[in-house]
Amino acid sequence: MSNNERQSMKVDIVCVGFGPATAGFLSEISKNLTYDDGSVKLSSRAMPGMPLQIICYERSDDIGFGVSGVVSKAHSIRQSYPDLNGSEIPLTIDVKKEKLVYLLDPHGASSRSAGLKITDKILKLGKWLPWYKKEALELPVIPSFLQKHDGLIFSMGQFSQWAASRILGSGMVQLWPGMPVDKALFFENKMIGVQMVDQGTDKKGEPADGYMPGMQIEADLTVLGDGPVGNISRQLDEKFGLPDDHQQKDWAVGMKMVIELPAHTNLKAGTVFHTFGYPEPEIFGFLYVHPENIVSVGIFVPSWYENPVRTAYRYLQQYIKHPYFRDDIKGGKLKSWGAKSIQESGKRGEPHLAGNGWARIGEGSASTNILTNSGVDEAWETGVLLAQAVEKLAAANQPFTQENLEKTYVNMRRKSHIEEEAEQARHSRDGFHRGFIRGLIGMGLTGLSKGKLNVKTEPKSTHQILKQPEDYFKGRISKERIAELKQQAFSKGLALNDLLMQELGWPEIEYDGQLFMSHQDALLVGGKVQAPNGYRDHVVFLHPHLCKECDNKICIEMCSGQAITPGEDGVPNFDNDRCIHCGACMWNCVKPVESKVDKINIDFQAGAGGLHSAEN
Amino acid sequence: MSKILVVTPVESDGTLPQAAGEALGAAITLKEMLEAELCIGIWGQDVDMAIENLGTDAVSSGFKVEGEAFTVSRYASDAAACEAICRQAKADIVITPDSVRTNRTIAGVAFRLNGVSDTHITEFKIENGDLVVSRWHYRQRILAHLKRSQRPWFISIESGVFIPPQGDSKVPSTEALSVDVNDALTRTTVKGIETPAGDEQTIRPDAELLFVAGAGWTKKQPDGEVKAAQAADIILEFLKESKSSLGSTKSLVDLSSEGAAVLPFMTQLNQVGQTGSTPRHDKGLATCCHGEEPHVVGWRFVNERRVINLDPNCGWAHGKADVLYVADAFTVMQKVNELLGNQ
Amino acid sequence: MTNLNVVVCAGIVPDPLQTLDPVQTGEKPGLRNEMMLPHVLDPWAGHALYEAAELVKETGGKLYVVSIGPKAKLQQVMMTIAQKVPFQLIAADAAAGGFSDSKQIAVQLAELVKQIDGLDLSNTLLFGGWESASRGAGTTLQMVGEILGVTDQFQGVDKISLNDDGSFKVLERIEGGKHLHSSCSGAPAVLGWATGYLPEPPNNPQIGMTNMRTIMPALQQAKPADLENPELTFTAVELPKQKRDTKIVKDISADEIAQEIIDWIKSK
């Protein structure tokens, strides 16, 4: 063992996580640290005589290994880069055409309510209508709040690489991927920086060969851009709680594939499809056509979907086989794949935005608009606003106290269009807690009335919503059969979701090794999912006895990488080599534990590794 | 008319190395394709035995550099000997065997002669009157066909592709060349050969079977336990009984190097694919390698390939292996050992 | 030996685990969407770098990294290695890839080495990977050595041990999983590394902070390098055609599988 002493380093600003929000922050601030002649404009306290010393640590192994299905109006991004030319960024194209499509169920296997089944029958009677195509109804009008015209379709990975390259090229800030941040450091109530994850440990975090304790990075300001499942943000929430009446109960896992289309496809670059109704009414989908015959196609599986066996991967395979898309995708090749958690509580789930020595930006600060499904540009803008606030404070030699950050950053956010739109969207998703149809009506009402009319309800946590499989499938699959299938899944290591779907009449997915492949093989596409050695496991089952008494194990079914698997003693196994860090396990558990915030029995910490594709 | 030169050192016992025989086989093929003249250049302590036993009558002339300084595998002296031969032979194409020793030498010599070099060549063909050679790029993942206008062109052939000549030997007239053995040639001295520590020989290039162990051997098994010690026993016993060569995936080798000491006998020399070797064996048996390199690049030159894997849909075995056994490698290999032991 | 410097010639390559598709435009081969692929330090060069860092720690000399690649990709790779060991970067901006000719690369690398201020070659070792994960030729370093007049060269190196008098012992990989043990009277020498025995160093933020202050200016100053070689023509680049018809054997006992494997091993 060596290097046993924990070291520390002083900078002025440390950023946690590099996504669009941090990219916005760093893009803006890096322009204003020096004057044109190179002299210092914003002085460093950590290194007198130098400009502000700013460093950013990103968990994943490289910049651009993030996931998002991105179609964005990109207003704020364009303000930061007026010379932005989409053709410079691979996979980027202007939005040319938008479609909102209701997908019917051609197999009769989905869990549709009686009302919806009747609706479907009526729709099928209208087959002759010009809007009816291949078991789908293209809505003749797209509500304005869902429109993305004048926007861009792009790849989160490629955009992040492009932004990082410009930021780094400025030479003013440092950006380090492969560096998970472990802890928020406090002195009394002031955040004084962060501590990096220990390296050279065993899976339990105990020192092993090459042990190097995570360095402490001391900073006057910590910028939290670690996203909706970021561990440092959650540590702050656990310490300070959420603001009164705020709660983060609505989540979704978004899973996407990047597919190279076959030559015969009719899908045109620049087209955006938003879909609903299939593979389950609760599951929304999208397909964006990039240049060069590439599409991003994905689905969202929300927390309010009551099915306790809801593996997104199989649903996504089913989705791309829907007749509406099937022929245009058939013969395509899977290039990349990934998933992420999305915080969908919107304004209602907004955490504290700033405190002494810290400020929060991006999706983790509830910037995503849950009505318009828009988050990247909003996240970018929050970063820009914080940068402007920091510039003001630093120029006036004012410390980064809660009071000062509230007067500047928080105040600027409150006056921004993000705030206005988020307020309008506050109740837009409530209706879904009362069913799919009411959800759609609620969303439509909220959108068209700009938030004045809503279908309101109190959202529930996943553990309050989830049913037992026996209850959820009541009348469709018998208890005995479910027990048999559970046993089969356990003994053969198969996904229960696959077996249940087969039982319900979903057609089997035939693997072709190109587009359709096993879940495990998808982990190998577009750069193998991997985890470096020498780090502790970042998914921890807090109280093993709660796992032992749990007969639901939604964590296993919901795991996007099949990294959580059944364990012999009832406590699931975790394999970090398969983890894609989507964070779904963080909100998919039916065993709540004591905390100031909605917390369950799985601790999702920051870990190294994960996806290795820059195309998602 | 083209002139082809084959250059090689001799073994310490004065014989022609196997790889040099393959180079000669390749050169004979090329001679016929180009209707060229073929000559040979050999260096070492005493090279006459090699020149007298070429196994072919196709070589019209020879060159040799002899002396104690040229016995050992050392860049400076090897390059000097090779350079002298090449300058004298004035060949436009120089074929060299696939050995560590010659591969270390030829790029430098080609540079001295203002020539060019390509290594690991697997095929020659004539296209529109030009010689086109093939080689693998990106760790055996992309096959490229290329031609060059510059000469001399040094071409190191990939081992196992060409067959050494087996005919009657006709001894070519051979010119002895002298090379000044100055201090610059002997700054390096060869002290000997070190064999890996440990009781078991795990790398056997001549073995018929390559046994590839993947990272699955040291992962949690279905019962939630890691059984590295048992895995080590099974693998070692199999190697002992079958006399096969052991290959491994990078992830398993890395585990060992980072102190996890999961399979104590595994070293980086065992690694195939990525930063490891791409060995040639008639047969390959990969175990617990889901999605790992052996299926992709490490066994590009393994003829018959079988896999034991728990996942019937392992897309990385599909299309790359001949047979995929869907089974637990622990159980199967234990049984294989038992059967081998009984025989 | 004190103040022995090491210059590591290190290329960058697409992450070896990415899907690689060749494309050919005219006579110029390349990889499809090459600029989209995440890049890494060539794995063998990585080993060379970590060994070099240990060595200069011992001798008190300086560590230089010389690299040629597209500037944007070099910048990306620096983010992943510059926290590992302290070094000074000397770079040239060029679309170097697996289809670039090693001679052209060697000429440019040697030029970059010559540009290192105050570097005394007689007190310097030249390191690099013995092959690359892109071209895989194992020919570049020899030519760099020849251009710089260094004729003590070693390839497939796994170990170097320095002696007090400046001489050093080298272990080179040879056939059969063995090592050739040589002794060299001292620098200069060229060492093309296999994997060595050192694990990848951990990320150290302090090293990163210091390195980046010189790396970014070096990248900004990186001049374009000419890698054109009109005498080399790629007539075609392709993926392996052969696809095997894989027989899936399931639902038979381990005993039966074992017997089948035995029969197969014994068959000729």
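- No part of B:Ile106 comes within reach of chain C, as not one of its non-hydrogen atoms sits under 4.5 angstrom from that chain.
- Within the 4.5 angstrom heavy-atom criterion, no atom of C:Gln24 approaches chain B.
- In this structure, C:Thr246 contributes its side chain and B:Asp322 its backbone to no donor-acceptor pair below 3.5 Å.
- Chain B forms more heavy-atom pairs under 4.5 Å with one residue of C:Thr139, C:Asp158, C:Asp42 than with any other, namely C:Thr139.
- B:Glu304 contributes no side-chain N or O that, together with a main-chain N or O of C:Trp264, makes up a donor-acceptor pair within less than 3.5 Å.
- For C:Ser267, the parts sitting under 4.5 Å from any heavy atom of chain B are the backbone and the side chain alike.
- For the residue pair C:Glu260 / B:Tyr325, a side-chain donor-acceptor distance below 3.5 Å is found, with atom types taken as modelled.
- Of the two parts of C:Gln18, only the backbone, made up of N, CA, C and O, holds a non-hydrogen atom closer than 4.5 Å to a non-hydrogen atom of chain B.
- Although no hydrogens or angles enter the test, the distance criterion places no donor-acceptor pair under 3.5 Å between the side chain of C:His181 and the main chain of B:Lys191.
- Between C:Glu146 and B:Arg112 there is a salt bridge, with a side-chain nitrogen of the basic residue lying less than 4.0 Å from a carboxylate oxygen of the acidic one.
- In this structure, the side chain of C:Glu231 does not engage the main chain of B:Arg148 through any donor-acceptor pair within 3.5 Å.
- Proximity to chain C (any heavy atom under 4.5 Å) is restricted, for B:Phe238, to the side chain, taken from C-beta onward.
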